[in-house]
Amino acid sequence: MDDLIIAGEKFSSRLIMGTGGAPSLEVLDQALAASGTELTTVAMRRLDPAARGSVLDVLRERDIKVLPNTAGCFTAGEAVLTARLAREALGTNWVKLEVIADERTLLPDPIETFDAAERLVAEGFVVLPYIGDDPALARRLEQAGCAAVMPLGAPIGSGLGIRNPHNIELIVEAASVPVILDAGIGTASDAAQAMELGCDAVLLATAVTRAQRPDLMAAAMKAAVVAGRLARQAGRIPRRRYAEASSPMTP
Amino acid sequence: MIVTINGAAHEVADGITVAQAVRTLTAATTGVAVAVNDEVVTRSSWETTVLGDSDRVEVLTAVQGG
């Protein structure tokens with residue numbers, strides 16, 4: 001499979017993992033290994049002196065690049081501060097920008113997200129914004145200097161798959177930065193569909209970490225992303241209303 | 001004086017530095033970032049940044065998420 005390139009950096013895996021929802025660091029470690037991911041998100045939270053082990057150790061030992069997110073932020077100001085803190089703590093200027101509108105839907109707030117994106121780009125961050133499946137917003141964020149756009153398939157953790165494939169296709173057609181399908185993936189066919197639609201990568205967490213067997217689902221997702229990418233590059237046949245014989249019709 | 005460290009009020013001696021405040025939570029100096037009153041204090045400034053009364057100190061690290 002061809003490399004994924006984000007902000008000039010190459011990744012041979014097109015599966016980006018999140019770390020939320022895993023029952024333990026051991027389970028997470030096994031799932032990350034099975035997924036083959038090279039880029040994985042973490043959240044920034046108050047340091048808990050009682051916490052044992054760190055997700056950072058898991059990523060470091062697997063040589064996986066850390067992608068801090070701004071999960072939990074409701075305003076651009078909070079997201080900018082969180083990104084700055086992540087840069088300070090983790091030594092990376094990459095950030096998955098996530099500014100949510102409310103806790104019930106966890107849908108991204110487009111106004112706050114755009115505001116934060118502009119400010120973070122101006123501060124030299126590599127900004128990967130999580131957004132709704134909105135082609136107009138995706139284009140504006142690309143113009144604002146974002147390194148990728150990350151439209152949702154469905155709400156975070158819902159496992160509902162890609163609710164609006166048409167909009168994802170429209171985003172892909174217009175984008176010249178990578179399009180990463182983020183959120184909503186439930187199972188392997190959803191990840192394959194994202195890649196068939198032309199997405200450059202898939203970001204998922206819950207579908208793997210809360211599966212009955214996370215390591216097995218991680219392996220399934222890895223295979224699905226590869227299959228979907230290959231199918232996209234192969235160029236699928238047009239859909240037809242009626243049959244087209246694949247064997248000669250003559251005796 | 002009183003400072004708030006990760007949401008909890010602490011009675012501390014005047015002249016306490018950010019570095020000392022961090023050490024009440026952890027001995028780690030990597031993988032950790034500090035904001036005082038919503039402004040990042042870079043690690044190289046922890047020893048020389050003195051806290052004032054009512055300052056709000058946030059000590060963050062990476063956790064599972066996303």
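Chain letters run A, B, ... following the sequence lines, proteins first, then strands; residues in each count from 1.
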Next on the checklist: My understanding is that only one of A/Leu204, A/Thr206, A/Val208, A/Leu160 makes a side-chain contact (heavy atoms from CB on, under 4.5 Å) with A/Ile185; could you say which?
Outcome noted: A/Leu204

Item to check | Heavy-atom proximity to chain B below 4.5 Å, by part of A/Leu85 | outcome: both

Checklist entry - Does a side-chain N-to-carboxylate-O contact under 4.0 Å join A/Glu26 and A/Arg52? => result no

Checklist entry - Cut-off 3.5 Å, side chains only: do B/Thr42 and B/Ser45 have a donor facing an acceptor? => result yes

Checklist entry - Quick one: what part of A/Leu67 sits under 4.5 Å from any heavy atom of chain B, side chain, backbone, both or neither? => result neither

Checklist outcome for this item: Applying a strict 4.5 Å limit to non-hydrogen atoms, the region of A/Ala22 in contact with chain B is both

Item to check | Per-residue contact mode, A/Val42 against chain B (heavy atom under 4.5 angstrom) | outcome: both

Next on the checklist: Hydrogens and angles aside, do A/Glu38 and A/Ser12 bring a side-chain donor and acceptor to less than 3.5 Å of each other?
Outcome noted: yes

Next on the checklist: Between B/Val41 and chain A, with a heavy-atom cut-off of 4.5 Å, which part of the residue counts as in contact: side chain, backbone, both or neither?
Outcome noted: backbone

Checklist outcome for this item: Most contact-rich option vs chain B, by heavy-atom pairs under 4.5 angstrom, among A/Thr209, A/Ile156, A/Leu47, A/Val58, is A/Leu47

Checklist outcome for this item: Checked A/Met44, A/Arg84, A/Glu98, A/Lys96 vs chain B; the most non-hydrogen pairs under 4.5 Å come from A/Met44

Checklist entry - Do A/Asp102 and A/Thr105 have side-chain atoms, one donor and one acceptor, less than 3.5 Å apart? => result yes

Next on the checklist: Shorter than 4.5 Å, heavy atoms on both sides: which option in A/Gly91, A/Ala89, A/Gly20, A/Gly18 has the most such pairs with chain B?
Outcome noted: A/Ala89

Checklist entry - Under 6.0 Å from the six-membered ring centre of A/Phe11 and within 45° of its axis: does the NZ or CZ of A/Lys65 meet both? => result no

